[in-house]
Amino acid sequence: MNKFISHISKIGWCFDNTYARLPEIMLSRIAPIPVKDPKLVIFNHNLSKELGLNFSVIEDNLLPSIFAGSLLPQESECIAQAYAGHQFGYFTMLGDGRAIVIGEHLSKNNKRFDIQFKGSGKTPYSRNGDGRAALGPMLREYIISEAMHGLGISTTRSLAVVTTGENVIRETPLPGAILTRVAASHIRVGTFQYVTMQDDIKTLKTLFNYTINRHYPELKDTSNQALSLLKIVMEKQIKLVTDWMRVGFIHGVMNTDNMTVSGETIDYGPCAFMDNYNPETVFSSIDQYGRYAYFNQPGITKWNLARFAETLLPLINNDKDKAIDIASKTINSFGTLYKKCWLEMMRKKIGLLGEDSKDENLIIDLLSWMHQNKADYTNTFCFLMNENIQENKIYNNQGFISWKQQWQKRLKLHNNSPEKSLKLMRLVNPLVIARNHKVEEVLKEANNRNLNPFNDFLKVLEKPYEKQTKTNNYQFPAPSSEKKYQTFCGT
Ligand code: AMP
Ligand code: MG
């Protein structure tokens with residue numbers, strides 16, 4: 001049985017649960033299934049502070065039960081959300097199969113956050129799954145989502161991880177765990193797809209108005225709110241995918257159920273950072289055809305947005321043909337808008353001020369050189385920022401030297417100075433990313449209950465653009481190996 005704690009006012013929880021008021025078809029009321037012996041593994045003090053929470057007022061021995069969801073704040077209203085989604089292009093009915101939103105917390109500045117337990121037991125949407133999660137993948141989500149936050153990329157956050165004291169069976173028995181995920185909301189493109197499948201315009205309108213109120217109230221005054229929503233979500237997603245491309249992040253499973261309307265990165269399953277530059281990089285073991293490869297990410301974003309647009313058609317115009325026409329025009333503008341955003345971002349990465357007609361070629365030449373020479377993506381930009389990096393012999397290569405001459409010529413244009421360029425580059429080029437081999441290394445230790453390497457890495461990832469004492473430890477590319485790094489879904 002779940003118990004409720006009444007001294008929430010001491011912690012600072014301020015619940016105002018709005019999603020739970022939506023039509024019953026959109027959710028199931030179910031609480032986290034209590035676990036045997038919860039133990040706190042990691043807690044995010046910074047995020048807790050940002051949320052205006054103070055867990056130090058509560059006895060330490062209560063924290064594991066709080067973050068396992070067996071001791072719930074009095075005002076929580078637990079729900080699993082229904083949604084659908086195109087998974088690798090195929091439409092499926094889904095829903096929170098192993099996650100429960102316990103409520104929406106309002107922080108001091110009135111920002112609203114879903115508080116969700118992931119790995120909290122079966123729900124009506126679990127299908128064949130066990131509703132649980134293993135420690136390794138939950139810690140992996142914790143460190144990568146926090147790394148994304150450190151990089152200044154819009155993302156869901158991680159407040160805590162507990163072990164459950166129970167094993168989960170994957171290929172072998174693994175320690176079970178629960179992650180507390182904090183998100184602006186969990187409204188997905190797939191949530192709209194789910195409602196569209198109900199063929200009930202009233203519920204669609206309800207979800208639509210709810211989304212506008214929750215995320216984009218400024219659109220209420222526009223003449224075609226549905227079209228405005230499509231445009232703003234497109235804008236957010238373009239910004240997001242451009243940020244992913246900037247740091248070499250590969251989401252790995254860009255199904256429509258894993259795309260938020262808030263524009264936050266969500267679902268850290270098979271994601272990973274690219275090391276040597278190769279546009280075709282794929283890490284996910286099940287992504288055989290590279291649907292979600294690095295360079296396909298913008299195209300997939302557009303494809304997902306087209307699925308979102310389809311759900312909005314009845315709200316865009318009563319005349320279906322007109323609605324399709326209007327929505328198509330918007331979706332078709334994706335390419336131009338993305339290209340502009342990407343070019344702006346890449347210009348910053350190489351410190352270019354102003355615009356020049358040859359900029360795109362200069363950028364593509366650099367990327368082609370990196371591809372041909374298997375240069376490390378992150379470290380190449382570090383090298384251009386005069387950072388002292390290991391394994392820099394590759395930059396003595398003639399191709400690179402010729403490119404650099406062109407680059408330096410271009411740098412002089414538009415009243416530029418080396419200082420101005422460097423300042424620009426410093427803002428967008430991380431010195432450190434969550435490199436796969438380092439993530440694996442700290443997770444291995446964490447699985448053996450040694451969290452020190454995990455915490456050291458986390459600390460550096462909090463400020464990836466700043467040189468810290470331990471930054472150097474994390475800048476090495478993975479030692480070359482026969483074995484390709486692989487990530488997995490359904491962990
Ligand atoms: P994901 O690949 O993590 O986006 O998950 C796709 C769907 O599978 C979602 O509906 C999840 O809730 C569900 N799911 C993933 N893992 C499990 C699990 N262990 N038990 C039940 N449902 C799961
Ligand atoms: Mg998902």
Side-chain angles (χ1 to χ4, degrees), residues 147 151 153 241-252 271-283 287 290 292-299 338-339 341-352 356 358-411 418 421-422 424-439 464-465 471-472 474-481 484-485:
L151 286 162
I153 299 176
V241 74
T242 305
D243 270 341
W244 293 355
M245 302 303 273
R246 170 169 67 85
V247 299
F249 177 78
I250 300 166
H251 182 281
C271 64
F273 286 86
M274 177 169 67
D275 32 28
N276 56 297
Y277 180 78
N278 180 351
E280 288 169 13
T281 306
V282 177
F283 293 111
D287 193 358
Y292 300 138
Y294 175 75
F295 225 67
N296 281 348
Q297 297 189 121
Y338 171 72
K339 175 93 176 279
C341 204
W342 179 82
L343 253 181
E344 260 167 37
M345 175 277 284
M346 289 303 296
R347 276 197 185 100
K348 287 184 190 150
K349 274 183 89 69
I350 57 172
L352 304 185
D356 190 81
K358 289 190 236 136
D359 289 349
E360 191 179 349
N361 285 344
L362 188 67
I363 291 161
I364 288 172
D365 285 349
L366 175 64
L367 292 174
S368 309
W369 177 85
M370 281 161 74
H371 188 193
Q372 276 160 18
N373 293 277
K374 298 192 168 56
D376 186 85
Y377 182 68
T378 305
N379 285 355
T380 299
F381 295 101
C382 287
F383 184 81
L384 295 178
M385 297 192 299
N386 303 318
E387 276 295 313
N388 207 356
I389 51 161
Q390 311 285 331
E391 299 187 20
N392 59 7
K393 284 200 197 77
I394 193 173
Y395 304 108
N396 295 332
N397 159 310
Q398 193 49 51
F400 186 76
I401 293 171
S402 319
W403 179 83
K404 220 173 149 193
Q405 283 166 351
Q406 297 304 314
W407 175 56
Q408 275 159 346
K409 245 195 251 162
R410 165 63 178 90
L411 279 181
S421 282
L422 196 59
L424 198 61
M425 293 166 83
R426 285 252 162 219
L427 294 173
V428 293
N429 294 322
L431 306 180
V432 47
I433 51 161
R435 289 185 183 275
N436 305 323
H437 65 121
K438 282 291 166 191
V439 171
Y465 303 103
T471 298
N472 278 139
Y474 305 100
Q475 290 185 296
F476 287 99
S480 57
S481 142
K484 189 174 167 275
Y485 183 72

For this session: Let me know which of N429, L427, L343, L424 forms a side-chain contact (heavy atoms from CB on, under 4.5 Å) with K348.
Result: L424
Problem set entry | Given V282, N278, I250, the one that forms side-chain contact (heavy atoms from CB on, under 4.5 Å) with Y294 | I250
Reported [atom1]-to-[atom2] distance for the pair [X] and [Y], which is rounded to 0.5 angstrom:
| X | Y | atom1 | atom2 | answer |
| --- | --- | --- | --- | --- |
| F381 | I350 | CZ | CD1 | 7.5 Å |
| L366 | H371 | CG | NE2 | 13.0 Å |
| N373 | I394 | CG | CD1 | 5.0 Å |
| N397 | W403 | CG | CH2 | 13.0 Å |
| Y377 | N276 | OH | CG | 13.0 Å |
| I363 | K358 | CD1 | NZ | 13.5 Å |

Exercise. Checking side-chain contact (heavy atoms from CB on, under 4.5 Å) for the pair E387/R426: CA distance, chi angles, key distance, verdict?
Worked result: CA-CA 10 Å; E387 276 295 313; R426 285 252 162 219; 2.4 Å; yes
For this session: Begin from the C-alpha positions of F295 and T281 and carry the test side-chain contact (heavy atoms from CB on, under 4.5 Å) through to its verdict.
Result: CA-CA 8 Å; F295 225 67; T281 306; over 6 Å; no
Quick one: closest heavy-atom pair of [X] and [Y], and the distance?
| X | Y | answer |
| --- | --- | --- |
| V247 | P430 | CG1-CG, 4.0 Å |
| R410 | L352 | CG-CD2, 3.5 Å |
| G351 | L411 | O-CD2, 3.4 Å |
| A147 | A434 | CB-CB, 4.3 Å |
| H437 | P479 | ND1-CD, 3.8 Å |
| Q297 | F249 | NE2-O, 3.0 Å |

Decide yes or no for [X] and [Y]: does some side-chain heavy atom of the first lie under 4.5 Å from some side-chain heavy atom of the second?
| X | Y | value |
| --- | --- | --- |
| E344 | T242 | no |
| V241 | W342 | no |
| W407 | L384 | yes |

Considering residues, nucleotides and ligands other than [X], do more than 12 of their heavy atoms fall under 6.0 Å from its [atom1]?
| X | atom1 | answer |
| --- | --- | --- |
| N388 | CG | no |
| F476 | CZ | no |
| Q408 | CD | yes |

Does [X] reach the main-chain N or O of [Y] with its side chain, forming a donor-acceptor pair under 3.5 Å?
| X | Y | value |
| --- | --- | --- |
| D287 | Y292 | yes |
| N436 | A272 | no |
| E280 | A293 | no |

Exercise. Between S402 and Q398, is a side-chain contact (heavy atoms from CB on, under 4.5 Å) present by the stated rule, with each step listed?
Worked result: CA-CA 6 Å; S402 319; Q398 193 49 51; 3.7 Å; yes
Problem set entry | For K404, salt bridge (Lys or Arg N to Asp or Glu O under 4.0 Å) partners two or more places apart | none
Problem set entry | Verdict with supporting geometry, L367 and M346, side-chain contact (heavy atoms from CB on, under 4.5 Å) | CA-CA 10 Å; L367 292 174; M346 289 303 296; 4.1 Å; yes
For this session: Measure the acute angle between the ring planes of W244 and H251, then classify it against the limits of 30° and 60° as parallel, tilted or perpendicular.
Result: parallel
Problem set entry | All pairs passing salt bridge (charged side-chain N to carboxylate O under 4.0 Å, His left out) where residues 361-378 contributes a residue, at least two apart | D376-R435
